[in-house]
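Report on one structure; see the data block that follows.
Note: hydrogens, waters and symmetry copies are ignored here, and every other heavy atom, side chains too, is used. Starting from 1, each residue takes its place in the sequence as its number.
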Amino acid sequence: MADSAFLAEAKARGFLFQCTDEAALDEACANGGIAGYAGFDLTADSLHVGHMIPIMLLRLFQRHGHRPVALMGGGTTRIGDPSFREEARQLLSDEQIGANLVGIRRNLEAFLAFGTGPNDAVLVNNAAWLDKLSYIGLLREVGVHFSINRMLSFDSVKQRLDREQGLTFLEFNYSILQSYDFRELLRRENVVVQFGGSDQWGNIVSGIDLVRRTDQKTVFGFTTPLITTASGAKMGKSAAGAVWLSAEKLSPYHYWQFWRNTEDADVGRFLRLFTDLPLDEIARLEALGGADINAAKIVLATEATALAHGRAAADAAAEAARKLFEQGVASEGLPVVEIPGAEFGGGIPAFALLVRAGLAASNGEARRLIRGGGARLDDVVITDEGLLITPKPEQKLSAGKKQHVLVRLGA
C-alpha cells in the first residue's frame with residue numbers, strides 16, 4: 001500500500017506500468033515535494049491526445065505538491081526517437097523546432113501551472129546543454145558507461161533492426177542523449193524521477209545507470225502503460241488524423257466529439273486517466289448500464305475538453321452537440337445539416353462539404369480524411385477530394401465509423 005498520496009492515486013487511476021524502485025520512490029514522495037520530468041519531442045506545433053498520459057501524470061504529480069518539469073526536446077528532435085518506429089523521422093530545421101516549441105508550451109499551459117513557486121511547473125529545453133556538447137568529450141565522459149550489447153537488447157532497437165528500414169547511427173545515439181538529459185536535469189533542477197511510456201523503459205534505465213555511475217545518486221523511473229482502445233486502436237488517432245490539442249488544428253467541438261465517441265468498455269478507464277473527477281464519482285458513472293452510459297460519455301467529453309480548452313468551450317461544445325442531435329433526427333437517428341440550394345449551386349467539393357457539415361475542422365483535415373479512405377457519401381467511400389457533390393433531398397455524409405450527418409437540401 002502506497003504511503004504517498006501521489007503514488008496511491010497514480011496507481012488507482014491506472015498510470016503505473018513499471019517502476020524501478022517503487023518503495024523508495026513512494027518514500028521520497030511521502031517525505032516532501034520532489035521534482036520529476038517527462039520529455040516531449042518538438043516534431044509538430046501541437047501535442048495530441050497520444051501525449052495525454054504523460055501530461056495528466058505531470059498534472060497529478062503537481063496536484064500532490066510535487067514539481068513537474070516539462071523537457072522540450074529542442075536538441076533530441078534533431079535526431080528523432082527511433083522507439084518502435086518503422087522508419088526514421090524527418091529531420092526538422094531549427095526554425096521549425098522553435099515554432100513547434102511555442103505551440104507545445106501553449107498546450108502544456110492549459111494543464112500545468114507554470115511559475116517560480118516550489119511546486120510550479122518548469123519548462124526546460126535540452127538544446128541548452130546538448131548544443132554545447134563536443135563529440136569527443138561526450139564519448140570520453142558518457143560513452144564509456146554504455147554497453148552496445150545492452151543497447152542492442154532493447155525491444156525498441158531490436159524491432160527496428162528486424163525491419164527493412166534499418167537503424168541509423170544518428171538514431172542509435174538517442175538513448176545516450178536521453179540518459180544525459182536525466183543526469184543534467186538532476187544537476188540543474190534536482191529532478192529525481194523520469195516519467196515515460198512503457199516503450200521508454202530501456203532509455204530510462206540507462207539514464208538511471210548513468211547517474212549512479214557518474215554522480216553516485218539514486219533516481220527513479222516510472223513508466224505508463226501503452227493506451228489503446230477496447231478495440232485495439234491506438235490512442236490519439238481518428239479517421240481524420242491526429243486528435244490535436246491546439247484549437248487552431250482541431251476545434252473544441254471536434255475534440256469533444258472524439259471523447260464522446262469513446263467505446264463503452266473504455267469509459268471508466270478514460271475517466272480515471274483523462275479527467276480530474278474524484279474516483280468515487282467515476283465509479284458511479286462507470287456502473288451506468290445500457291443507454292445511460294451515454295451520460296457518462298458526455299461527462300468524459302466535457303471534462304476532457306474543459307482541461308484542454310477551458311470550461312466555457314467545453315460547455316459550448318456539449319450544447320452544440322445536444323442541439324445538433326435534437327434539432328432534426330431522420331429515420332436513421334442521425335443529426336441533420338440543412339444546406340440551401342443556392343449554396344449548393346452546381347455542386348460543393350467533397351472536402352468543403354465535410355467542413356460545412358462539421359465533420360472536419362479545416363479543408364486540410366478534410367482532404368487528409370478523404371486520402372485516408374475515411375470519408376463516405378451514402379456509405380460509398382469518397383476517393384476524389386474535389387468530387388463535386390450535387391444537391392439531393394437528403395444524403396448521408398460520414399467521417400470514420402462513428403460520425404454521420406444527413407445533409408438535407410434546404411430552401
Side-chain angles (χ1 to χ4, degrees), residues 2-41 47 51-73 76 81 104-105 107-126 128-129 177-212 215 217-225 227 273-274 276:
D3 293 321
S4 68
F6 163 69
L7 203 56
E9 187 169 355
K11 293 172 72 174
R13 288 184 177 271
F15 284 106
L16 179 59
F17 181 73
Q18 283 179 294
C19 185
T20 53
D21 190 339
E22 185 179 328
L25 175 60
D26 191 33
E27 182 180 1
C29 291
N31 288 337
I34 62 173
Y37 92 97
F40 302 91
D41 273 343
L47 299 175
H51 295 105
M52 283 298 298
I53 291 293
I55 293 173
M56 292 301 293
L57 185 56
L58 287 179
R59 180 179 174 85
L60 180 67
F61 192 61
Q62 184 172 42
R63 281 187 11 229
H64 284 290
H66 305 292
R67 185 163 61 97
V69 175
L71 179 65
M72 300 292 98
T76 41
D81 183 359
I104 289 175
R105 174 163 188 139
N107 294 155
L108 294 172
E109 285 172 342
F111 296 88
L112 303 173
F114 287 85
T116 57
N119 80 312
D120 282 341
V122 178
L123 186 139
V124 182
N125 186 350
N126 64 12
W129 53 84
L177 297 184
Q178 184 171 329
S179 301
Y180 191 92
D181 284 346
F182 199 173
R183 190 184 71 173
E184 199 67 21
L185 287 171
L186 169 67
R187 293 177 176 181
R188 291 171 180 247
E189 301 288 345
N190 199 30
V191 167
V192 296
V193 58
Q194 179 180 173
F195 301 112
S198 57
D199 60 338
Q200 294 296 314
W201 180 254
N203 292 343
I204 292 173
V205 170
S206 291
I208 292 170
D209 189 53
L210 177 64
V211 168
R212 178 184 60 80
D215 291 35
K217 292 184 178 179
T218 299
V219 291
F220 308 98
F222 180 120
T223 63
T224 56
I227 303 298
L273 291 169
F274 302 117
D276 290 339

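Counting all heavy atoms, side chain and backbone alike, Y37 lies closest to V191 at CD2-CG1, 3.6 Å.
Contact of the V193 side chain with the V219 side chain is not registered, since no non-hydrogen atoms from C-beta on lie closer than 4.5 Å. Between L210 and F182 there is no side-chain heavy-atom pair separated by less than 4.5 Å. You'll find the side chain of L25 stays beyond 4.5 Å of the side chain of D21, heavy atoms only. Considering only heavy atoms from C-beta on, K217 comes within 4.5 Å of L186 through its side chain. Side-chain atoms of L108 and M72, non-hydrogen and from C-beta on, do get closer than 4.5 Å to each other. Side-chain contact between S198 and T224 is absent, with no heavy-atom pair separated by less than 4.5 Å. When side chains are defined from C-beta on, S179 counts as touching S206, because their heavy atoms get closer than 4.5 Å. When side chains are defined from C-beta on, C29 does not count as touching L7, because their heavy atoms never get closer than 4.5 Å.
For Y180, there are no side-chain hydrogen bond (donor to acceptor under 3.5 Å, both in side chains) partners, not counting sequence neighbours. Checked against side-chain contact (heavy atoms from CB on, under 4.5 Å), E27 has the following partners two or more places apart in sequence or in another chain: N31. Among residues two or more places apart in sequence or in another chain, the side-chain hydrogen bond (donor to acceptor under 3.5 Å, both in side chains) test is passed with Q18 by none. Legend: residues meeting side-chain hydrogen bond (donor to acceptor under 3.5 Å, both in side chains) with R13, ordered by chain and number and at least two apart, are E9.
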Identify all side-chain donor-acceptor contacts of residues 112-124 below 3.5 Å with residues at least two apart in sequence or on another chain.
| from | atom 1 | to | atom 2 | distance (Å) |
| --- | --- | --- | --- | --- |
| N119 | ND2 | Q62 | O | 3.1 |
| D120 | OD2 | T116 | N | 3.2 |
| D120 | OD2 | G117 | N | 2.8 |

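One distance of note links CG of D41 with CG of L71; it measures 8.5 Å at 0.5 Å rounding.
Note on residues 186-208: pairs passing ring pair (Phe, Tyr, Trp, His ring centres under 6.0 Å), not counting sequence neighbours, are F61-F195, F195-F222.
Neither side chain, D181 nor T76, offers a donor N or O lying under 3.5 Å from an acceptor on the other. For the 3.5 Å distance criterion, the side chains of Q200 and N203 qualify, holding a donor opposite an acceptor.
For the pair R67 (side chain) and E189 (backbone), a donor-acceptor distance under 3.5 Å is present.
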Given side chain to side chain contact (heavy atoms under 4.5 Å, CB included), test F6 with L57 step by step and report yes or no. CA-CA 10 Å; F6 163 69; L57 185 56; 3.9 Å; yes

